[in-house]
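The structure appears right after this line, and notes come after that.
In what follows, every chain begins at residue 1, and chains take the letters A, B, ... in the order their sequences are listed. Excluded from the calculations below are hydrogen atoms, water molecules and symmetry mates; all remaining heavy atoms, backbone and side chain alike, are included.
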Protein chains: 2
Amino acid sequence: MTAERTLGTVALHDQIADDLRERIASGEYAPGATLPSVRQLQDKWKCSDGPVRDALTILRNEGRIIQSRGAPARVRIAPERALSISITPEAAQTQKDLALRPQNERAETGASELALGVPIDQTAFTATYTRVPADRELAGEFELQAGAELLRREYRTVHSESDRLVLSSVSHIPIALVEGNPDLLDEKNEPWPGGHWHQLYTVGIEIDRIESSITAIQPTPRQRQDWKMDPGVPLLCLRSLSIDTEGRVVEVADSTYPGDRTAISFTQQLSRWPTTRRARPGRKAV
Amino acid sequence: MTAERTLGTVALHDQIADDLRERIASGEYAPGATLPSVRQLQDKWKCSDGPVRDALTILRNEGRIIQSRGAPARVRIAPERALSISITPEAAQTQKDLALRPQNERAETGASELALGVPIDQTAFTATYTRVPADRELAGEFELQAGAELLRREYRTVHSESDRLVLSSVSHIPIALVEGNPDLLDEKNEPWPGGHWHQLYTVGIEIDRIESSITAIQPTPRQRQDWKMDPGVPLLCLRSLSIDTEGRVVEVADSTYPGDRTAISFTQQLSRWPTTRRARPGRKAV
DNA sequence: GAGTGGTCTAGACCACTGT
DNA sequence: CAGTGGTCTAGACCACTCC
């Protein structure tokens with residue numbers, strides 16, 4: 001009967017977690033530092049190992065500590081935000097214009113569509129595609145009936161050395177839109193040479209705009225493993241709808257990024273006020 | 001004693017969690033449905049309650065189920081994405097141009113800067129501001145020495161009925177930039193009438209562009225409580241740097257949004273290909 | 001009041017790390 | 001091999017919900 005410790009109805013493991021969390025935040029336990037062992041914490045809080053382990057589980061799921069067998073728990077070191085996904089109208093426009101250029105010119109760009117934080121020769125690119133029926137969600141985006149046939153194309157780039165995922169994206173296109181060009185349904189042509197937009201051009205589709213939306217979710221265990229993400233790290237999801245000049249959604253592309261290493265960034269350029277108030281336009285450092 | 005159950009070195013609580021996760025994904029347990037009770041799962045897996053509870057904890061932290069006292073665990077119902085944060089150059093430009101308009105015109109816009117999913121008369125707006133020294137991170141953004149004095153302004157909008165946070169944003173501005181206008185340092189003037197940019201205009205600052213970046217983090221317990229977020233739901237973070245015509249970062253604004261109810265969206269408009277290939281919409285010339 | 005989940009204990013054994 | 005964290009059990013009591 002040691003229940004008298006529950007002073008204010010807040011569970012002991014929460015008290016322990018709160019205490020450790022505060023000490024981590026204050027810097028008493030710096031990133032990389034080892035935490036007291038389970039036995040030491042038991043001794044300090046005069047309890048069995050259960051509450052202590054529960055507290056550590058809480059902090060692990062918050063992404064604050066890492067635990068491994070045999071070694072003491074440590075304050076997690078948040079990685080640098082190495083992956084910066086820049087969304088710029090210029091880049092999209094460039095890619096769009098490229099779609100009209102001759103074959104040899106398009107080929108030069110090839111698969112290096114995105115600037116990653118990893119040299120491209122250290123990565124392995126794979127593409128797979130299948131035909132799938134549209135689920136409710138995708139059918140809604142395309143304004144099709146659920147079950148309509150879609151071309152599903154999955155792109156993955158892994159860092160060959162560490163076997164860590166660097167880029168992952170899944171794209172869906174209604175079969176009905178692309179069956180005019182049989183080449184597009186031939187898996188041997190993956191990745192579509194010269195980029196999506198040239199291929200879409202071959203079936204008479206011109207992209208008018210990209211509507212993107214960003215959300216965050218908790219990764220599935222599979223996703224966490226693919227990206228080799230620590231527990232407690234969320235996943236950034238970027239869904240881009242390609243809309244053609246007739247207003248149809250012709251492609252839905254879903255990309256995911258580990259939330260702790262990635263920042264999705266974009267710039268909104270504003271025009272100047274009419275009267276130039278600052279006499280010195282000065283230097284425009286970047 | 002009963003250790004022979006550990007067939008393939010994968011922990012029992014992981015097996016249970018994997019099994020339940022799969023059943024949830026397959027729809028066997030639909031959103032809102034009750035899961036088997038802890039005792040039933042013990043019976044099914046022939047184990048004590050520990051592994052079963054551990055499995056449920058895993059699923060809770062993944063945001064897949066909700067648990068409460070007395071009531072059975074249920075599959076979590078993901079909320080609609082009611083909060084859609086739209087980033088448009090037009091809106092920013094409009095706000096910029098507004099800064100030059102006369103007082104009465106600016107006042108009409110007032111605090112309703114953002115379209116929220118909640119009627120504005122059901123919300124309570126609070127603003128607080130303090131002077132704080134720049135931490136390393138903010139000092140880096142402003143290219144100032146760590147410790148330089150900043151004006152910190154915190155905006156919060158809560159839905160008065162549910163006491164739920166609807167909007168939360170923290171903005172930092174170097175004191176040195178705004179001390180030319182004493183009004184800006186007077187808390188009674190919060191929120192700055194007519195918007196930030198008019199106030200910045202009074203000290204000779206014109207915004208050239210906004211550089212935004214989006215990340216995702218695990219919320220602190222405090223944040224989770226403020227937003228009344230379920231466990232396992234990440235937080236979307238939007239950091240916007242306001243850069244003036246001289247290239248200086250003059251304001252850093254950090255907004256957070258619950259990751260399950262929010263989508264940050266934007267559109268990239270592309271210009272048409274030079275040769276008008278389709279004279280009339282609806283024809284697919286090749 | 002019956003059933004649910006929440007918390008905690010005491011003890012056992014295992015897997016792994018580091019010295 | 002000493003110390004660490006990981007897993008599981010059996011049992012107890014509590015707080016809460018729902019009928």
5'-most by nearest nucleotide on DNA chain C - B/G70 or A/S68: B/G70

Grab the CG-P distance between B/L59 and C/dG5 for me, whole Å please. 13 Å

Rounded to the nearest angstrom, tell me the gap between atom CZ in A/R39 and atom P in D/dG6. 10 Å

Taking atom C1' of C/dG6 as reference, at what distance in whole Å does atom CG of A/D14 sit? 11 Å

In whole angstroms, the gap separating C1' of C/dT9 from NE2 of A/H13 amounts to 15 Å

If I take atom CG in residue B/L12 and atom P in nucleotide C/dC14, what distance separates them, rounded to the nearest angstrom? 17 Å

Please determine whether a side-chain nitrogen of the Lys or Arg among B/R222 and B/D226 lies less than 4.0 Å from a carboxylate oxygen of the Asp or Glu. yes

Counting distance alone, no hydrogens or angles: does the base of C/dG5 have a donor or acceptor under 3.5 Å from a partner atom on the side chain of B/R60? no

With a cut-off of less than 4.0 Å, is there a side-chain N or O of A/S48 near OP1 or OP2 of C/dC8? no

The side chain of A/R53 lies closest to which of these nucleotides: D/dG11, D/dG5, C/dA12? D/dG5

Nearest listed nucleotide, side chain of B/C47, among D/dT9, C/dG5, C/dC8: D/dT9

To the nearest angstrom, the CG-P distance between B/L35 and C/dG6 comes to 12 Å

Looking only at side-chain atoms of B/P51, point me to the closest of C/dT4, D/dT7, D/dT9. D/dT9

Between B/E154 and B/R152, does any NZ, NE, NH1 or NH2 come within less than 4.0 Å of an OD or OE carboxylate oxygen? yes

Compare the minimum distances between each of D/dC18, C/dG6, D/dC8 and the side chain of B/A71, then state the nucleotide with the smallest one. D/dC18

With side chain to side chain contact (heavy atoms under 4.5 Å, CB included) as the test, pick out the partner of B/Y257 among B/L165, B/L238, B/L235. B/L238

Name the residue closer to the 5' end of DNA chain C, choosing between B/A73 and A/D54 according to the nucleotide with the nearest heavy atom. B/A73

Rounded to whole Å, please give me the gap between CD in A/Q67 and C1' in D/dG6. 9 Å

Looking only at side-chain atoms of B/V38, point me to the closest of D/dG5, D/dT7, C/dG5. C/dG5

Nucleotide nearest A/R69 (side chain, heavy atoms from C-beta), chosen from D/dT7, D/dC16, D/dA12: D/dT7

Whole angstrom is fine here: how far is it from CD in A/Q42 over to C1' in C/dT7? 15 Å

Does CD belonging to A/Q225 count more than 12 external heavy atoms closer than 6.0 Å? no

Closest to the B/A11 side chain, choosing from D/dT7, D/dG5, D/dA12: D/dT7

So if I apply the side chain to side chain donor-acceptor pair (under 3.5 Å) rule between B/Q67 and each of B/R53, B/R60, B/R76, which one comes out positive? B/R60

